[in-house]
Visitor: 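This structure is in structure tokens; I'll ask about it shortly.
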2 protein chains.
Amino acid sequence: MIVSTIMKLRKVLPMKFHKIPNETIQRLPMYLRVLQLLYKQGTNNISSLKLGEFLDVNSWQARKDFSYFGSFGTPGVGYDVKKLVRQISKILKLNVAQKVALIGLGNLGSAIQAYGGFNIYGFEVVAIFDIDPKKIGTKKNNIIVENVSRIKLLKNRKIDLSIVAVPSSAAQDVVDALVKAGVKGILNFAPCHLKTPKKVKIINIDIATDLACLPYYIPTARRQR
Amino acid sequence: MIVSTIMKLRKVLPMKFHKIPNETIQRLPMYLRVLQLLYKQGTNNISSLKLGEFLDVNSWQARKDFSYFGSFGTPGVGYDVKKLVRQISKILKLNVAQKVALIGLGNLGSAIQAYGGFNIYGFEVVAIFDIDPKKIGTKKNNIIVENVSRIKLLKNRKIDLSIVAVPSSAAQDVVDALVKAGVKGILNFAPCHLKTPKKVKIINIDIATDLACLPYYIPTARRQR
DNA sequence: TAATGTGAATTATTTCACAGCA
DNA sequence: TGCTGTGAAATAATTCACATTA
């Protein structure tokens, strides 16, 4: 009720005080990725139309997404690529390097560790935990694999983020430990719903679930029974 | 304009003729996963409230999701778990086993191949392709790894779905080949936007992009500059 | 002239509230 | 009584259209 009143008041205020759609936040990293690539290739200026073409996003969608945070472009000219990169980085709080703890060094955990795609956003895996005694103590990319029982010691290591790549059966215990250790954001790969306090943001990636949507969209399965 | 008129007409028609939200489709595999688990554990009947609790979904959300497709429950009683599993499977076209081709057997591809989570939805990886001569010809889980140049031969093998786990630089070529080979649905892990004809459904999973959203939601990064 | 920025309109999705059935 | 199914209301997100500015 109060929220509703605030929302109505906000309608007379400038764009930047409107509620920001979740979808907008999810698109920002994609803009950022393309813009960084463009900058590397020597493109200094780009229009919302061109930028959108790289991502299958309409020009007005891109402009509106940015407008929630301010006016970053120049009418008649477009956006300064470098400036826009800096602005989006700041919005997403990616302007400071983000330390990440990886939990689980099985097939998926190893793949994530080897994956270089995090670097462009300033993420760095600085701690790895596993439960397998054969892995504990070994080095992976100069990081010593630690026993999951040591997750609680993260408290003193200024790590806000964690990637959970353990089996579903172990996931809730791991998440509980991470929350206790002061981790504020979790990217979870276990295909199950995990309970966290409201202050801890959790984003789930469920590969099988995403795949399971595909057949629905396929006009006619080759031989439907 | 015409679409808008149809939509208005639809408002007087029963629920099942309404447009089905994409979000509903994305929730169906999650209901299915929980229901299968419950059934294995001997639960034969469940209410929308209990079902929702497992997934942090409101009871009315679950009921509305199902209502787009028909009336599967019994007022005052709830849903027959086995019956609901069968209905959702049918809606998602998961009632027939789905063959999947995996492209790319690097770190991520290997992890996907080893991941058992697909089985519950009836998926089976039946073909693997890679570009590395050292991998081509070897066996992985009884499947011979083939050269990517042979993707075009998929045409005769009744495979509708594919998982793409190759570097961004190779992804568009791979997708083009898959489209030519008659693949109808693609789950893409390469962090880039890929062009496909409208009739081919593509779902993207971008791990780094999802991670990049997390810091935004964290109240205050530990030392914001 | 060529682009941005943004109110307003439209469309999509969620939430509510309750009629109706076992 | 307890739970489903669903119109209607509320909320959220996208799309449009255009005033505005370099």
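Residue numbering restarts at 1 for every chain, and letters A, B, ... go by the order of the sequence lines. Side-chain atoms are counted along with the backbone in the values below, which use heavy atoms only and exclude waters and symmetry mates.
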Visitor: Which nucleotide in the list C/dT14, C/dG5, C/dT13 gets nearest to the side chain of B/N22?
Guide: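 Looking only at side-chain atoms, B/N22 lies closest to C/dT13.
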
Visitor: Quick one: on DNA chain D, does A/R27 or B/L49 contact a more 5' nucleotide (nearest heavy atom)?
Guide: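 It is B/L49, whose closest nucleotide lies nearer the 5' terminus.
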
Visitor: Assign the ring pair B/F72 / B/F66 to parallel, tilted or perpendicular, where the plane angle (0 to 90°) is split at 30° and 60°.
Guide: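 Correct class here is tilted.
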
Visitor: Nearest-nucleotide wise, let me know which of A/D65 and A/P75 is further upstream toward the 5' end of DNA chain D.
Guide: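 With A/P75 and A/D65 compared, the 5'-side residue is A/D65.
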
Visitor: Find the distance A/K19:NZ to C/dT13:P and express it as a whole number of Å.
Guide: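 Atom-to-atom, A/K19 to C/dT13, this comes out as 15 Å.
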
Visitor: Please report, rounded to the nearest Å, how far the P atom of C/dC16 is from the CD atom of B/Q61.
Guide: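 Distance check: B/Q61 CD to C/dC16 P gives 11 Å.
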
Visitor: Under a plain distance cut-off of 3.5 Å, with no hydrogens placed, do A/Y79 and A/N45 share a side-chain donor-acceptor pair?
Guide: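 There is no such pair between these side chains.
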
Visitor: Rounded to the Å, how far apart are B/F72 CZ and C/dA22 C1'?
Guide: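 For the pair B/F72 CZ and C/dA22 C1', the rounded distance is 19 Å.
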
Visitor: With a 4.0 Å cut-off on heavy atoms, is B/S48 in touch with a base, just the backbone sugar-phosphate, or nothing at all?
Guide: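 It contacts sugar-phosphate atoms only.
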
Visitor: State which of C/dT4, C/dT14, D/dA13 makes the closest approach to the side chain of A/P21.
Guide: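 Closest nucleotide to the A/P21 side chain: D/dA13.
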
Visitor: Compare side-chain N and O positions of B/R63 against OP1 and OP2 of D/dG5 and report whether any pair is under 4.0 Å apart.
Guide: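 Indeed not, no polar side-chain atom of B/R63 lies that close.
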
Visitor: Would you please confirm or rule out a distance under 4.0 Å between OP1 or OP2 of D/dG5 and any side-chain N or O of B/Y79?
Guide: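 For D/dG5, OP1/OP2 do have a side-chain N/O of B/Y79 under 4.0 Å.
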
Visitor: When the distance from NZ of B/K64 to P of C/dT13 is rounded to whole Å, what number comes out?
Guide: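 Atom-to-atom, B/K64 to C/dT13, this comes out as 13 Å.
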
Visitor: Rounded to whole Å, please give me the gap between CG in B/L51 and P in D/dC3.
Guide: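 In whole Å, D/dC3 P and B/L51 CG are 14 Å from each other.
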
Visitor: When the distance from OH of B/Y68 to P of D/dG7 is rounded to whole Å, what number comes out?
Guide: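 Going from B/Y68 (OH) to D/dG7 (P), I get 11 Å.
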
Visitor: Any chance OH of B/Y115 has more than 12 other-residue heavy atoms, nucleotides or ligands included, within less than 6.0 Å?
Guide: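 Yes, the 6.0 Å shell around OH holds more than 12 heavy atoms from other groups.
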
Visitor: From the options C/dA17, C/dA3, D/dT4, select the nucleotide whose nearest atom is closest to the side chain of B/W60.
Guide: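 Nearest to the side chain of B/W60 among the choices is C/dA17.
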
Visitor: Which is true for A/F66 with a 4.0 Å heavy-atom rule: it touches a base, it touches only sugar-phosphate, or it touches nothing?
Guide: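 It contacts nothing in the nucleic acid.
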
Visitor: Rounded to the nearest angstrom, tell me the gap between atom CD1 in B/I20 and atom P in C/dT14.
Guide: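 Computing the B/I20:CD1 to C/dT14:P distance gives 13 Å.
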
Visitor: Side chains of B/D176 and B/Q172 only: does a donor on one sit below 3.5 Å from an acceptor on the other?
Guide: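 Judged by distance alone, the side chains do pair up.
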
Visitor: Atom CD of B/E23 to atom P of D/dA12: distance rounded to whole Å?
Guide: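 Rounded to the whole Å, the gap is 14 Å.
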
Visitor: Would you say the side-chain atoms of B/S89 and B/N95 include a donor-acceptor pair closer than 3.5 Å?
Guide: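 On atom types as modelled, these side chains do not qualify, holding no pair under 3.5 Å.
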
